[in-house]
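The figures here come from the full heavy-atom set of this structure, side chains too, leaving out hydrogens, waters and symmetry mates. Reminder, nothing fancy here: chain letters follow the sequence lines and each chain counts from 1.
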Amino acid sequence: MSTPLSKNFEPQSVESIWYQHWMDKGYFNSTPDERKPFTIVIPPPNVTGVLHMGHTLNETVQDVLVRKARMSGFNACWVPGSDHASIATEAKVVQFLEKEKGISKQQLSRDTFLKHAFEWKEKYGGIIYHQIKKLGCSVDWSRTTFTMDDHYYEAVIKVFVDLYNKGMIYRGARMINWDPQAKTALSDEEVEYKTIQGKLYYVKYKVVDESGQTTGEGNTDNDYIVIATQRPETIMGDTAICVNPNDARYAFLKGKKIIVPLVNREVPVIFDEYVDPAFGTGALKVTPAHDINDYNLGLKHNLPIVDTLNDDGTLSTAAKVFVGIDRFEARKKIIEKLAAEGSLIKEEVYETRLGFSQRTNAVVEPRISTQWFLKMKNLAGKALEAVASGEVKIHPEERFIATYKYWLENVKDWCISRQLWWGQRIPAWYDEKGNLFVAETKEEAVHQWLMVNGQPGGNNSLQLTQDEDVLDTWFSSWLWPMEVFNGITKPGNPDINYYYPTSVLVTGQDIIFFWVARMIMAGMEYKNVAPFKDVYFTGMVRDKQGRKMSKSLGNSPDLLELIDRFGADAVRFGILISAPAGNDLLFDDSSCDQGRSFNNKLWNALKLVKMWEERQDTSASQIHTKNFAVQWFENRLKEVKTQVEDQYQNFKLSEALKTIYSLIWDDFCSWYLEWVKPAFEQNISHEVYTKTIGFFSELVALLHPFMPFITEEIYHQLKDRKDGDDLAVLQLESFNKGQTQATPSIDIDSLVLGAQLKEVITSLRDARNKNQIKPKEIIQLYVQTQNKTAYKTIEPLLLKQVNAATLAITEDAVPNTITVVVGKDKFYIEAEKKVDTAAQRNQLEKDLEHLKGFLISVEKKLGNERFIQNAKAEVIALEQKKKKDAEEKIKTIEESLALL
RNA sequence: GGGAGCAUAGCUCAGCUGGUUUAGAGCAUCUGCCUUACAAGCAGAGGGUCCGCGGUUCGAACCCGUGUGCUCCCA
């Protein structure tokens, strides 16, 4: 006999042991074989980050799917890894170096900085892997990939060069989003818009005629016009004033010039219907260098561009005033100055949307800059087609297909260069004249140069300098499902051929454009096959009050601490139980509490069953009486398994978990175990014991994908298992093997009788309760029924469950008893306590009223000629049966009432 | 401003192609039990104008229209 079981389940003591065991056995490692593959690539978290609750949900969902597939005969492969996250990581490293070592990035060479960054990554980058282990994720650690691994780096460069050679990548000056804190360009997707309260400043601009003379004599209206702006600090970059050609108020401006305040630059008036006469004063200052709309206007009207900002957000020398002062500080100073000059007419509070950098939270500046871009039109078309044709299925479908399509149909070219060091450096080299050579290596670039220019004359060695910029992180992550299997660097290798396309992608809906759509693009471009068949979007994890979880609010629980408190299984349960696909979920510790209680329930059921191990009776006498419980549960188990299978197919994981939870707690613990439980110090039949161990094993197997640790532990506690007989790799017959399988034969009669037994027990217990019969008091029971054989089968169970000594069949009412009507059957409870007829009458009348109301509604339906004409035959038959049943029940109750 | 989604018990949600009951579950609440697996438990119970209005239909939580409120995405 093993050591006695602890009072409650202690997750800490078993979790690490089982995880180590699974690893030692190599259960999570996968190599191609003759089985069907089931592949998932983890959405690589930021290497320096920690897992938040959103990750926890995603990882748990993936583990459930992978474990389920592994138990269903698939060759399951889940690839872990992490992302170098260029902006976020570089920002952290810079901050670290400044704070801890007092070194600024400017002091360091590129190589030294990268050395520091890699050191930092080694030191802090392991936390997420540790967390993934603690959570119990069955990933193949031998396949761990980092987006800056050598082969991965090579793949990114290869793809860049390839797309460049295909003419899909180009370099040019465009208006981009600039992050003045990280001092880098951003893609459109990296800008988050927030509504904030700003101000609209009304500023006077002087009007002059062609000769530069003021038009009026004094304070006449035509001396100046008033322009409303939110950004007075960009006034120095104004190169035109624009009004609507249909705006009569400004018709007088034709042929006039405007003097820009502060810098006294003379600029033209342009007329364009773009301007909304109703907004502000109807006159717009045009600053092509610092606003995307102004930029487009500038292109159309051929305006010069005056860039008044430096890359750190301070005013440049081109601004002429307040040079070197930060943009927001400059705004204040400019307002003061304009006010002092009398040019500021008024200020107005104004709500506006401002772009913020997703990573640094700095206010983004639209800015013209020379960057690298990827043409998206072709790629987007293919990605659109992959979803439209059903090659990729999105779950939940309705909600995301429209967004996906809209984005792809309207996508602009992708700015892929970043002014950072941490990332894949753009493989472009420039010669002294600025000619460009794109190649995978410098040698190759030199070779290209020589092909064009011939050998350099004399002793001049050839000077080629590499582009300083790195690539957007997402330009590497979009290759993830391919390059984790070396699909780009070694195309056609056995792994990529076997594992690609992957089975499911599980991720948050917030990165549908950043990542999901782009992975589909890359997959279509390089494999001509989408990288996954299904995409499962999880919702956003919010706190109890529905707020986003964020560091600043401090409402995001620490995963390791949660696991410490509740155990990994309970945390997995807690996050999954209330996470319907695609819906946001409100996470609260209490759901982990529920998970912990469930652990305990399982544990206590184990303790109960273990007590029987030594108390088996091999003689046949006991078997018969307990047979119905076994028969019923066997069928109930089959029924629920098919239900769960169906829920898996539809990605309804939280429902599947609920179904299993209720099967174990209610059907198994509350009913089945109570039914087969021997009386105090009595033995249990060997057959029933063996069956029970079997059922329990099947239950923990069913639950294992959701709660791997406790189920593995119980599986082994139940019985000595052979080496290698572990739940993690148990093959379940009833789970399908990737094909549809006939539903197992279920004995409906047992299920019906079981349901009836439950109903009778509940009703009788209720009657005991309402009549205040003490739980310990033993009662005598009589039943008046048409179905005597059924009661023979269930009699022993019934007696035990309602604490009755006898069940007698009777043809007539039994006087001085409590009457309980269950369906068409009447029960009479004989107890010591005097019968309270008033209470009984009350109860029966209540039931009667309900039934009569119900009958009326059914009769109304059946009395409707059009219903009879139009409804399907089955529906009519059903209504007639409902009517008959109701009438019989009413009769039964009325009879009972008459006798009271 | 454009688009999408949601609204069912105190809370979180199920409710599939309209008909299985005048709507279900979990949590919370109330009542009674320390019954030798479990008080982190057991046995019961109560609780709903299915957001308002209109329509389609023999029949609507479900389909259509409209109003209101909330959420998300895009500009």
Side-chain angles (χ1 to χ4, degrees), chain A residues 5 7-9 188-189 193 276 292-293 353 355 396 398-407 410-411 509-510 512-513 539-540 542 544 546 566 570 577-580 582-588 590-591 593-612 646 650 652 654-655 657-659 661-662 665-666 669-670 673-674 677 679-681 761-770 772-776 801-803 849-858 860-872 874-876 878-879 881-883 885-886:
Chain A
L5 296 171
K7 183 176 186 304
N8 289 326
F9 177 60
D188 295 344
E189 288 68 39
Y193 291 87
D276 174 8
I292 181 66
N293 297 312
R353 283 175 71 77
E398 340 65 80
R399 201 166 312 183
F400 296 110
I401 283 203
T403 345
Y404 178 85
K405 276 178 72 177
Y406 182 85
W407 184 75
N410 295 284
V411 68
Q509 45 187 276
D510 48 330
I512 182 166
F513 308 134
M540 195 180 298
R542 297 168 175 278
K544 214 170 153 185
F566 299 102
I577 198 70
S578 52
N583 275 359
D584 285 1
L585 77 109
L586 308 183
F587 179 78
D588 183 44
S590 61
S591 61
D593 246 329
Q594 201 190 336
R596 183 170 52 183
S597 303
F598 186 36
N599 273 340
N600 261 330
K601 190 70 188 175
L602 283 159
W603 194 248
N604 279 297
L606 172 70
K607 274 160 66 184
L608 176 66
V609 172
K610 289 301 280 181
M611 281 171 56
W612 302 339
D646 191 57
N650 294 302
K652 296 190 166 178
S654 78
E655 278 182 56
L657 178 56
K658 278 177 195 163
T659 306
Y661 173 82
S662 156
W665 200 304
D666 302 327
C669 294
S670 297
L673 287 181
E674 294 297 335
K677 189 190 213 172
F680 188 53
E681 292 192 333
I761 292 170
T762 303
S763 304
L764 290 173
R765 280 172 174 168
D766 184 31
R768 287 188 63 126
N769 240 338
K770 290 211 168 106
Q772 293 172 313
I773 300 174
K774 293 251 154 59
K776 278 180 181 160
Q801 293 283 277
V802 297
N803 199 15
E849 197 189 335
H850 181 265
L851 273 170
K852 279 187 169 167
F854 175 60
L855 183 62
I856 288 167
S857 79
V858 175
K860 221 155 125 193
K861 234 185 229 183
L862 284 167
N864 186 331
E865 257 177 62
R866 304 224 279 177
F867 171 69
I868 304 294
Q869 278 163 20
N870 292 311
K872 279 183 277 183
E874 307 102 82
V875 176
I876 296 172
L878 194 72
E879 291 301 317
K881 186 176 180 296
K882 274 157 61 175
K883 181 177 178 228
D885 286 355

For G41(B), take OP1 and OP2 only and decide whether either is under 4.0 Å from a side-chain N or O of Ser597(A). yes

Give the rounded distance in Å between these two atoms: CG of Leu851(A) and P of U20(B). 16 Å

Tell me the partner of G46(B), counting only Watson-Crick (N1-N3 plus N6-O4 or O6-N4) or G-U wobble (N1-O2 and O6-N3) with both under 3.5 Å; none if nothing fits. none

Think Trp665(A) has a side-chain N or O under 4.0 angstrom from the OP1 or OP2 of C42(B)? yes

Lys882(A) and Glu879(A): CA distance, side-chain angles, deciding distance, salt bridge (Lys or Arg N to Asp or Glu O under 4.0 Å) verdict: CA-CA 5 Å; Lys882(A) 274 157 61 175; Glu879(A) 291 301 317; 2.8 Å; yes

Which part of the nucleic acid does Asn600(A) contact within heavy-atom distance under 4.0 Å: base, sugar-phosphate only, or nothing? base

In this structure, how many angstroms lie between the P atom of A40(B) and the CG atom of Leu602(A), rounded? 17 Å

Name the orientation class of the two ring planes belonging to Phe9(A) and Trp603(A) (parallel below 30°, tilted from 30 to 60°, perpendicular beyond 60°). tilted

Is G41(B) paired to anything, Watson-Crick or G-U wobble with both distances less than 3.5 Å, and if yes, which nucleotide? C33(B)

For Lys7(A), answer base if it contacts any base atom (sugar-phosphate contacts may also be present), sugar-phosphate if it contacts only those atoms, and nothing otherwise; contact means non-hydrogen atoms under 4.0 Å. sugar-phosphate

Checking N1-N3 plus N6-O4 or O6-N4 for Watson-Crick, or N1-O2 and O6-N3 for wobble, each under 3.5 Å, the partner of C62(B) is none

Does Lys860(A) put a side-chain nitrogen or oxygen below 4.0 Å from OP1 or OP2 of C58(B)? no

With sugar-phosphate meaning primed atoms plus P, OP1 and OP2, does Asn864(A) contact a base, only sugar-phosphate, or nothing at under 4.0 Å between heavy atoms? sugar-phosphate

Would you say Lys677(A) reaches A37(B)'s phosphate, i.e. side-chain N/O to OP1/OP2 under 4.0 Å? yes

Run the salt-bridge test on Glu674(A) and Lys677(A) with the 4.0 Å N-O cut-off and return the result as yes or no. yes

Heavy atoms only, 4.0 Å cut-off, all strands: where does Gln594(A) land among base, sugar-phosphate and nothing? sugar-phosphate

So what does Glu655(A) hit on the nucleic acid, given a heavy-atom distance under 4.0 Å: a base, only sugar-phosphate, or nothing? sugar-phosphate

Over all strands shown, is Asn803(A) touching base, sugar-phosphate only, or nothing at heavy-atom distances under 4.0 angstrom? nothing

Does a donor on one side chain and an acceptor on the other come within less than 3.5 Å for Asp666(A) and Ser662(A)? yes

According to the Watson-Crick and G-U wobble definitions, with both distances under 3.5 Å, which nucleotide is paired to C51(B)? G67(B)

Specify the separation, in whole Å, of atom CD of Gln801(A) and atom P of C33(B). 20 Å

CD1-CZ distance between Ile868(A) and Arg866(A), expressed to the nearest 0.5 angstrom: 13.0 Å

Check the distance between C58(B)'s P and Glu865(A)'s CD and give it to me in whole angstrom. 13 Å

Does Arg596(A) reach a base, just sugar-phosphate, or nothing at all? Heavy atoms under 4.0 Å. base

Answer with base, sugar-phosphate or nothing: what part of the nucleic acid does Glu674(A) contact at a heavy-atom distance below 4.0 Å? base

Would Asn864(A) and Lys861(A) count as a side-chain hydrogen bond (donor to acceptor under 3.5 Å, both in side chains) here? Give the steps. CA-CA 5 Å; Asn864(A) 186 331; Lys861(A) 234 185 229 183; over 6 Å; no

What is the distance from CG of Asn769(A) to P of C33(B), rounded to the nearest Å? 10 Å

Does Ser662(A) reach a base, just sugar-phosphate, or nothing at all? Heavy atoms under 4.0 Å. nothing

For Glu849(A) and Pro775(A), find the nucleotide of RNA chain B closest to each by heavy atoms; which residue's nucleotide sits nearer the 5' end? Glu849(A)

Measure from CG on Asn870(A) to P on C58(B) and round the result to the nearest Å. 6 Å

If you pin Asp766(A) and Lys861(A) to their nearest nucleotides in RNA chain B, which one's is more 5'? Lys861(A)

Could you give the distance separating A75(B) and U68(B) at their P atoms, to the nearest angstrom? 27 Å

Any side-chain N or O of Lys882(A) under 4.0 Å from OP1/OP2 of U20(B)? yes

Does Lys652(A) make a side-chain N or O approach to OP1 or OP2 of G15(B) shorter than 4.0 Å? yes

For C13(B), the Watson-Crick or wobble partner whose two distances fall under 3.5 Å: G24(B)

Can any side-chain N or O of Lys607(A) pair as donor or acceptor with the backbone N or O of Lys7(A) at less than 3.5 Å? yes

Check every strand shown and say whether Leu878(A) touches a base, only sugar-phosphate, or nothing at a heavy-atom separation below 4.0 Å. base

Determine which nucleotide pairs with C72(B), using a 3.5 Å limit on both distances of a Watson-Crick or G-U wobble pair. G3(B)

Which is true for Phe854(A) with a 4.0 Å heavy-atom rule: it touches a base, it touches only sugar-phosphate, or it touches nothing? base

Between Thr762(A) and G44(B), does any side-chain N or O lie under 4.0 Å from OP1 or OP2? yes

